[in-house]
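Being a predicted model, the structure only gives us computed values, none of them experimental.
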Amino acid sequence: MIDKQIITEIMQAAGLGFLGCVGGFMTFADRIGLKLAIRYALFALICGPFFYYLLDNSINYNTYKHIGAIAAGFGGFFVFKGVGVVLMRFSNKPVITAKDIIDLMKRSKK
């Protein structure tokens with residue numbers, strides 16, 4: 001059975017990841033839609049606990065686990081936004097959805 005402290009730490013790390021995502025929203029100048037904002041927020045809610053766990057189990061970075069969870073949410077926002085911009089600008093057919101990415105990979109294998 002899962003301990004209450006583990007659940008509390010996971011929720012805390014998810015909140016820290018979301019806090020980083022909110023920081024990313026505040027520093028981004030353009031407008032984004034609600035659907036895209038929810039995607040970024042869900043990524044931050046997953047990425048925050050992941051990096052919190054990685055830094056918690058490392059020897060040298062245990063004290064920076066809270067900062068790492070915030071940075072993962074903040075950095076993830078800009079990584080996804082950057083990848084989206086690169087895929088839309090430098091492809092022959094604009095890539096918007098995951099299905100477009102799969103079709104692009106199938107075309108490159110031929």
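Taking Ile, Leu, Val, Met, Phe, Trp and Tyr as members and joining any whose side-chain heavy atoms lie under 4.5 Å apart, directly or through other members, I46 forms no hydrophobic cluster with any other residue. The hydrophobic cluster containing F51 also includes F50, L54, under a criterion of side-chain heavy atoms closer than 4.5 Å among ILVMFWY residues, counted directly or through chains of members.
Under a hydrophobic-cluster definition in which Ile, Leu, Val, Met, Phe, Trp and Tyr are linked whenever side-chain heavy atoms come within less than 4.5 Å, directly or via other members, I70 and L55 are assigned to different clusters.
Atom OH of residue Y52 and atom CD1 of residue I67 lie 12.0 Å apart, to the nearest 0.5 angstrom.
Annotation: salt bridge (Lys or Arg N to Asp or Glu O under 4.0 Å) contacts involving residues 11-21, sequence neighbours excluded, are absent. For residues 58-74, every residue pair satisfying the salt bridge (Lys or Arg N to Asp or Glu O under 4.0 Å) rule, not counting sequence neighbours, is listed here: D56-K65.
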Side-chain donor-acceptor pairs of residues 6-25 under 3.5 Å, sequence neighbours excluded:
unit_1, atom_1, unit_2, atom_2, d
T8, OG1, K4, O, 2.8

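Under the rule for a side chain to side chain contact (heavy atoms under 4.5 Å, CB included), the partners of L34 that lie at least two apart in sequence or sit in another chain are I38. Residues passing the side chain to side chain donor-acceptor pair (under 3.5 Å) test with Y64: none are found, sequence neighbours excluded.
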